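Comments concern the structure below.
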2 protein chains.
Amino acid sequence: MLLEERVCELTGTKCLRSLEKVHHPVSKPLSKTRLELIEAAGRLSQLVGRPRTIGQIFGLLYLSPRALTLDEIAELLEISKASASTGTRQLLALHAIRQVWKPGDRKDFLEAEPELREVLRGVYQLFFAPKLTKTRGRIDLLLETLDGDRKAGTIDDEEYRFCRDRLLQMSHLQGKVEKVLPIAEKFL
Amino acid sequence: MLLEERVCELTGTKCLRSLEKVHHPVSKPLSKTRLELIEAAGRLSQLVGRPRTIGQIFGLLYLSPRALTLDEIAELLEISKASASTGTRQLLALHAIRQVWKPGDRKDFLEAEPELREVLRGVYQLFFAPKLTKTRGRIDLLLETLDGDRKAGTIDDEEYRFCRDRLLQMSHLQGKVEKVLPIAEKFL
DNA sequence: GTATTCGTTCAATCCGAACTGAACGTTCCG
DNA sequence: CGGAACGTTCAGTTCGGATTGAACGAATAC
């Protein structure tokens, strides 16, 4: 096997790293279905601007009949344990997955929240909703900034009225979105 | 000024490129309000996984009392004309901005769609809706793949039933989302 | 005709987020 | 006590998408 000696620049310690595409010995090969869902979930995840790993981990767990450990996740997805750790913690924060403990085993076992509605709810409540309320504050701030701009003489009256009108429109839509989304969620 | 000679690797032609941070001579400095909205729109854009430039261009145009040309957009946002071009074309595809032509001027003038609801509608219809229907197809395909997995003996009956159940749940939620979103849009 | 002035396209570069290996803190076991 | 087995953290690297300069085609101007 082709190997490369690497020196950790921080500590000076050495390690060997394989240059070949290592084929991790998978405990039990994943079915085609699971592999495809993992890929699809990964794409979906990065479609909405999240790291691909997050989606992959959830996809893996969602089709997993039993809870998996961090090491199993890392092995099955062929990612580092570090990635698996950060990914699972993010998913835990979103309430998309849960930790379960098995008696007599120190490992954390992870399983997907089975109710997809809850997952969506978590993503909305903990990810989108905060951004929405922040946006509201920012628009209000912009209206003040605009008044400042006029007083400072940076803009003329026509531009002032124009911008004010548009900012108010933004504020209006923002308010409606904030009202409609929770209602829509009820109908899922 | 610090200059660097660069040779285009494709054609062998040479050019000088400034290494200093060039401070473009802005035709008319933007007001603080517009600058802040541009920044916020840029962040919002990359929050949902789109390039920052897209949001910035829309933000600029939305608070612009008059339509702007490609060159003005590039100059005001301090981005290349190439970026401005690709960005505006994406926004045009989403119906978020429009082209207007002024008699006796060869340039394209660009202005934001004033009705934000229309912008949202465009983003949904032309960006999200296609992904949603594709997802439906993909879930159906996964159900077939799952049958294949069982026949191939890759999975046992228990795993088959488990995965089938979860895939059906996905299908169910997907259907509901596809129904609810257009209705929610009506209420904006 | 040739020379500009547009917008677009494309290979190459750049940049930042995602990922990684190694170190670390903790807990459990002998 | 070690030391092994965990999960987490962090500096450093990788990598893919955003961005760019240059080339290009089309339309106009001279």
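Letters A, B, ... mirror the listed sequences (proteins, then strands); counts begin at 1. None of the values given here were measured: they were computed from a predicted structure. Just so you know, these numbers use all the heavy atoms, side chains as well, and skip hydrogens, waters and symmetry mates.
Near-neighbour residues of DNA chain C inside residues 95-108 of chain B, defined by a heavy atom below 4.0 Å, number-ordered: B:Arg106, B:Lys107, B:Asp108. Listed by residue number, the members of residues 37-49 of chain B with any heavy atom below 4.0 angstrom from DNA chain C form an empty set. DNA chain C lies under 4.0 Å from at least one heavy atom of each of the following residues of residues 82-92 of chain B: B:Ala82, B:Ser85, B:Arg89.
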> Under the salt bridge (charged side-chain N to carboxylate O under 4.0 Å, His left out) criterion, do A:Glu159 and B:Arg34 qualify, and how do the steps go?
Replying inline: CA-CA 11 Å; A:Glu159 185 171 345; B:Arg34 289 174 80 181; 3.6 Å; yes
>> Quick one, A:Arg138 with B:Glu36, criterion salt bridge (charged side-chain N to carboxylate O under 4.0 Å, His left out). Give me CA distance, side-chain angles, the key distance, then yes/no.
In response: CA-CA 9 Å; A:Arg138 217 187 304 265; B:Glu36 281 184 17; over 6 Å; no
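Here the side chain of B:Thr88 pairs a donor or acceptor atom with the backbone of B:Ala84 at under 3.5 angstrom. With B:Thr133 contributing its side chain and B:Pro130 its backbone, the two residues share a donor-acceptor pair below 3.5 Å. Within the 3.5 Å criterion, the main-chain N or O of B:Ser45 finds no donor-acceptor partner in the side chain of B:Arg52. No side-chain donor-acceptor contact under 3.5 Å links A:Asp149 to the backbone of A:Thr154.
Taking the centre of each ring, A:Tyr62 and A:Phe58 come in below the 6.0 Å mark.
The distance from atom CD1 of B:Ile79 to atom P of C:dT8 is 13 Å, rounded to the nearest whole Å. One can place CD of B:Glu72 at 15 Å from C1' of C:dT5, the figure rounded to the nearest angstrom. In this structure, CD of B:Glu75 is placed 14 Å from P of C:dG7, rounded to the nearest angstrom. Protein atom CZ of A:Phe109 is 13 Å distant from nucleotide atom C1' of D:dA5, rounded to whole Å. Taking atom CG on A:Leu110 and atom C1' on D:dG7, their separation rounds to 11 Å, with Å as the unit. Spacing between atom CG of B:Asp71 and atom C1' of C:dT5 amounts to 9 Å, rounded to whole angstrom units. One can place CG of A:Leu70 at 5 Å from P of D:dG7, the figure rounded to the nearest angstrom. If you take CZ of B:Arg52 and C1' of C:dA17, they are 12 Å apart, rounded to a whole angstrom.
Salt bridge annotation for B:Arg66-B:Glu72: present, with a cationic side-chain nitrogen under 4.0 angstrom from a carboxylate oxygen.
Screening B:Glu118, B:Glu113, B:Glu115 against B:Arg98 for a salt bridge (Lys or Arg N to Asp or Glu O under 4.0 Å) leaves a single residue, B:Glu113.
Remark: B:Lys107 fails to qualify as a cation-pi partner of B:Phe109 under the 6.0 Å distance and 45° angle criteria applied to the six-membered ring.
With values rounded to the nearest 0.5 angstrom, B:Leu94 atom CG is found 8.0 Å from B:Phe127 atom CZ.
In this structure, the nucleotide among D:dG21, D:dG7, D:dA18 sitting nearest to the side chain of A:Lys81 is D:dG7.
Backbone-only engagement by B:Thr53 is indicated by non-hydrogen atom pairs under 4.0 Å involving sugar-phosphate atoms exclusively.
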